[in-house]
Every structure is written in structure tokens, then in C-alpha cells.
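Computed from a predicted structure; not experimentally measured.
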Amino acid sequence: MRRAFISPTKYVQGEDELRNLGYFVRTFGESALLIAHPDDVARVKDKLAFTSQQYDITLVESGFQGECSRQEVARLQALAKEYQCSCTIGLGGGKAIDTAKCVAEGEALIIVPTIAATDAPTSHSAVLYTPEGAFDDYAYFKQSPSVVMIDTTVIANAPTRFLVAGMGDALSTYFEARATAKSYSNVNAGLPCGVREGACGEAKGTKTALALAKLCYETLLEDGVKAKLSCDQNVVTTALENIIETNILLSGLGFESGGLAAAHAIHNGLTMLEGTHHYYHGEKVAFSTLAQLVLENADQAEIDEVLAFCASIGLPICLADIGVDEVTQQELLQVAEKACIAEESIHSMPFPITVEAVAAAIRVADQIGREYKRNRGE
């Protein structure tokens, strides 16, 4: 049985860590293409100026246009070639990070998230969109980023909702990795560059990945509330440091090398409901995790623990919490059908999957969440 584990070459986080960016640029050369939204550059301009001077590097502004499209990637690759950039920096949120991954194509890549809303920064994959913002395709590269650098001061000063959404994304990590391990399903870490399916890309998860996924869940329960309060006050504490590591590193390694299962597939199905479009990825994943637990008939104590955690930090636990006040059975079946398409991760669950069962799990998870809130007087 072939197993695979993938991770960034280096991960570093700390207060004002962005001031050390130039050190890592210097490991590749003297200049870097900086892919970032102008608003994100403005937030950290003083630190960028400091590190540029301190390490005598040149940051080439890219004029990033906000969408990870094939056209934008081609433009930025030409720009990097024109200025002979030694490496690529993706600074900001998901679109800038994914664009940097596509531009770098697995070589000399530094990722600098300014929010801790998802676990994407550590991965070797990206999502491509059309210039108009419609989904295009997934892209996989031969390795993860060379460096993932987290400035915890920047994260602490971002809106708390981003951090909470990141905890929602991280919440699914252990439960999906556990299901994948039970079913001996393949994981993304086994995909070589350009290969999505086929024998040469098949690999199972490692015990290491499952252990990290479990630590991810345990840390959420231990430090989630304290980290949220720290972010509310825009201060860095040990709890916030732990949750930033959890949202980005533990969840990132856990999902990519441990596997995805029902929660992310159900999330993808829920995007068919217009009301969900105003909510972040991790917020929808939190509810989808409850739906996965119902689908697998998890112990009630485990469901109660997840419910309590979500409620304690303000994560969604019912459909109304993600903008869906009413839903018909036909709409639920359409959601379930999308979640159950052949290429979806839901088939990593360790039992046969049907559209009807998934629709029922969503319905019951919604009712469980509604009753939990009713019992709390909400």
C-alpha cells in the first residue's frame, strides 16, 4: 500500500514576522514578485519597507487584479520574467495565494497569509477561476510552498470573523481524515503534478497525518474560545498563536495528507443555495461537519461536543445560520446530488453513499442545530 505525506519546506509564525520576509527572499536571490491586493499591501507597507531595506531586496509590485485566472497568471509570469524575479510571494487572502501558487508552479514560493480563514496556504493545490469569477479548474503542483510565513500581529488585527471561519474549516479536518483512514481512500498528497486520478497518483494517508488531524481538533476545543477573545481585542496571546497554527498548519497538513470526506462535499453542494453565498467557506464547512456526523451516525456525545464548540465561538449549526431560512425537499436533493457526484470526496466515507441519505443527514443536522439553539433560548 502506497502512502504519501506532503508539507511546506518551512513554516514560521510570530509577532511582526513579516519584518523577516527579506531573509527568505534572499535564500532565492535579490528580488521577488509580490502578488497581493493593494489593500493588503497597504496594511503591511511599513513592514515591507523595513524588510526591503534591512535585507536589500526588491519587491516587484504586480498590480494583482484580484482573480486567479489563467489570463492573470500568464500576465504575472511574464512580469516575473521581465524583472528576473528570484521568487514569488503570495500575500493576502485565498485568491492572491492561489495566484502565486500558479505563477510559481511549485518553485521558489513564499506564502504570507494576512488572515487565518482557511487551511489553503500550506497546500500544493490552487483553484482557477475565469476572469468573471466563475469556477474553472483545480491545479496541482509538484510540491507545497517553499516557505509559509505567518505574522501573528497582522492576523490579530484582522476581523475576528476570519479567524472563526478558519476554525470552522479546521473543525472538519479530524472527522474527514478519520473517515478517509477507515475507508482506505486516497488522499491529495499522492497526486503528482498534473495528475488527478490514475494508479500513478494513488496514495493513502499516513498515521502522521491522522495524528495531526486529531491534534487539530483537540487544540480547537482547548484554545478556540480564548483565541477568539484575543482576536476581538486585537492582541496576540498563546491561545491565538495556537489557533493560527491550527487553522493554517495542522488543518492544512491534515486535509491534504489525511483526506477529505463528506463535510467538504456537502459544503460544495450547499453552494447551490443562494443564501449561502454571503457566508465564508469555513462557516459553511462547520455546519457540513455536523451533517457528516449525522450521516455516519456518530455518538451523540461527539455531536454534542461539536455543537457546543460551534456555539461557543459563533459558528453556524443550522441552515438558517448560513442564510437558508427555508428549504424544500427538492432543493435538498439537488444539494445532495451535487455533493455526491462521482469525483467528490464524499465517497471517502467508509460506507455506501446515496443522495437520499445525504439529504436526510442535512435535514436532521439542521433540526439538531435548531433545537440546540431553542434550548439555549436563542
Side-chain angles (χ1 to χ4, degrees), residues 8-12 17-49 51-52 55 57-133 136-151 154-155 158 162 248 252:
T9 304
K10 190 174 186 68
Y11 176 93
V12 58
E17 188 61 38
L18 195 51
R19 293 161 67 94
N20 295 322
L21 177 61
Y23 168 83
F24 294 103
V25 172
R26 271 286 174 184
T27 64
F28 301 108
E30 298 179 353
S31 65
L33 180 68
L34 178 63
I35 299 174
H37 191 279
D39 291 346
D40 287 315
V41 174
R43 288 174 60 196
V44 297
K45 63 179 181 179
D46 292 343
K47 295 180 182 182
L48 292 178
T51 200
S52 296
Y55 294 96
I57 61 162
T58 300
L59 297 178
V60 177
E61 296 276 355
S62 65
F64 175 55
Q65 297 173 4
E67 195 59 75
C68 183
S69 66
R70 296 176 190 270
Q71 294 85 342
E72 180 71 345
V73 169
R75 182 185 73 82
L76 293 173
Q77 286 177 329
L79 187 65
K81 185 176 182 180
E82 176 185 351
Y83 285 90
Q84 298 182 317
C85 296
S86 307
C87 63
T88 304
I89 299 169
L91 183 149
K95 293 294 180 73
I97 288 171
D98 276 3
T99 303
K101 290 178 184 179
C102 293
V103 170
E105 295 182 335
E107 299 284 356
L109 174 62
I110 302 172
I111 296 297
V112 187
T114 55
I115 55 177
T118 73
D119 50 20
T122 65
S123 79
H124 75 315
S125 61
V127 183
L128 283 160
Y129 296 86
T130 67
E132 296 73 33
D136 181 358
D137 199 3
Y138 295 105
Y140 294 90
F141 305 101
K142 64 181 181 180
Q143 60 191 19
S144 298
S146 309
V147 179
V148 176
M149 167 184 282
I150 316 294
D151 188 321
V154 173
I155 302 295
F162 288 127
I248 296 175

All side chain to side chain donor-acceptor pair (under 3.5 Å) counterparts of Lys47, not counting sequence neighbours: Asp16, Asp151
Please identify each residue that fulfils side chain to side chain donor-acceptor pair (under 3.5 Å) with Asp39, with sequence neighbours left out. none
What residues, two or more places apart in sequence or in another chain, satisfy ring pair (Phe, Tyr, Trp, His ring centres under 6.0 Å) together with Phe162? Tyr280
Flag yes if more than 12 heavy atoms outside Glu82 fall under 6.0 Å of its CD atom; otherwise flag no. yes
Heavy-atom count check: over 12 atoms from other residues, nucleotides or ligands less than 6.0 Å from Tyr23 OH? no
What is the distance from atom CG of Leu33 to atom CG of Leu109, rounded to the nearest 0.5 Å? 11.0 Å
Do side-chain atoms of Glu67 reach the backbone of Pro131 as a donor and acceptor pair under 3.5 angstrom? no
Return the minimal non-hydrogen interatomic distance between Gly92 and Asp40, and the atom names on each side. CA-OD2, 3.6 Å
For Arg43 against Ala158, the heavy-atom pair lying closest together: NH2-CB, 3.8 Å
Applying salt bridge (charged side-chain N to carboxylate O under 4.0 Å, His left out), name anything that partners [X], two or more places apart in sequence or on another chain.
| X | answer |
| --- | --- |
| Arg19 | none |
| Glu105 | none |
| Glu61 | none |

Is NZ or CZ of Lys95 both nearer than 6.0 Å to the six-membered ring centre of Tyr129 and within 45° of the ring axis? yes
Determine whether the aromatic ring centres of Tyr140 and His124 lie less than 6.0 Å apart. yes
